[in-house]
Amino acid sequence: MSRLLLGPAADVLRTEIADASADMVYSDPPFGNEKVWTGKAGSFDDRWEWSAASSAGWAALQRHSPAGLALLAAVARTKSARAYLGVMAGIVVELRRVLKLTGTLWLHFDDTMGAELRLLCDAVFGPENAIGTLVWVRTLGGHGNVKGFGRIHDTIACYGRSRAAKWRLWRIGTLDGDPITGEGFGRFDDFAVAAPLGPTDKERVGYPTQKPIALLEELIRAATLPGNVVLDPTCGSGTALVAATRLQRKSIGIDISQDALTAASARLTGPATAQPSFDFGEVA
Ligand SMILES: C[S@@+](CC[C@H](N)C(=O)[O-])C[C@H]1O[C@@H](n2cnc3c(N)ncnc32)[C@H](O)[C@@H]1O
């Protein structure tokens, strides 16, 4: 069962989503890299100017953690960084509210604003609730450039809503893994094994920066059980919702773009979703 909601994530979360209602949040937001991303199924703007949402986000962070706000404000180097981080702060503060005490946030980013986003999550969730950062190789080489290393990986930071979340991740890993070898679903080191999406891969729907279903299945299996609620506040073409549905989890997707929700809705009613790749018995 999936719900799709249109609008800016911070506002939609505040008005539509109850406290402590999600077991897992995955978010793959714009990375703050000052580009417009376009595909045949939609586009999104990753260029940032100060807006009411930036201002509301910084105010929400100020209420939640004045020390965190001071730290983040000191490292936000440019006007566009301040505008972007304000929007992200508004979203991350709301995400903490909607997570259950046992829930986890999985925030996907690259090096562009990665350090600042980790400081933001530390400020909102507390550094003691940082579980780790996964590396996911999103493309296979050939991206060298004279300004630095070619960027071929993304990072996914994982934070628990409380200390209980670490226990729950461990418990799910134990339930799903082989009790003798310790190997199995839900147990992994800080490296996501899912392969990059190929340029002509069948699951591509033409949404820019679409992520592979296999990556989301890997994370969702690690963090949740069948029947749990997975929320993606910047869902784009709905990859997290498709993966959640295939794994018999409930899902909620939010996006500011109608094109994104149209693409997500088509995928959720299409054959890739209707065919669970994994038959997971209910675990008490
Ligand atoms: C990187 S894309 C997500 C791609 C998605 N993971 C997929 O596999 O298709 C980021 C999405 O965030 C959305 N977005 C940007 N700002 C937003 C906001 N304030 N609230 C909700 N969604 C937002 C964009 O419209 C875009 O669809």
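Counting starts at 1 for both ligands and their atoms, following the listed order.
Linking Ile, Leu, Val, Met, Phe, Trp and Tyr residues whenever their side-chain heavy atoms come within less than 4.5 Å leaves L216 and F31 in two separate clusters.
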Give a table of atom pairs where an N or O of ligand 1 lies under 3.5 Å from a protein N or O.
unit_1   : atom_1 : unit_2 : atom_2 : d
ligand 1 : 6 (N)  : D28    : OD2    : 2.7
ligand 1 : 8 (O)  : K211   : N      : 3.0
ligand 1 : 8 (O)  : T239   : OG1    : 2.6
ligand 1 : 9 (O)  : S237   : N      : 2.9
ligand 1 : 9 (O)  : S237   : OG     : 2.7
ligand 1 : 20 (N) : A9     : N      : 2.8
ligand 1 : 22 (N) : I256   : N      : 3.3
ligand 1 : 25 (O) : D255   : OD1    : 2.7
ligand 1 : 27 (O) : Y207   : OH     : 2.6
ligand 1 : 27 (O) : D255   : OD1    : 3.4
ligand 1 : 27 (O) : D255   : OD2    : 2.8

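R14 and D11 are joined by a salt bridge, as a carboxylate oxygen and a charged side-chain nitrogen come within less than 4.0 angstrom of each other. Ion pair K35/D46 not flagged as a salt bridge, since none of the NZ, NE, NH1 or NH2 atoms sits closer than 4.0 Å to an Asp/Glu carboxylate oxygen. Between E49 and K79 there is no salt bridge, since no side-chain nitrogen of the basic residue lies less than 4.0 Å from a carboxylate oxygen of the acidic one.
Under the rule for a ring pair (Phe, Tyr, Trp, His ring centres under 6.0 Å), the partners of Y159 that lie at least two apart in sequence or sit in another chain are F125.
Residues V193 and E218 approach most closely at N-OE2, 2.8 Å, considering heavy atoms.
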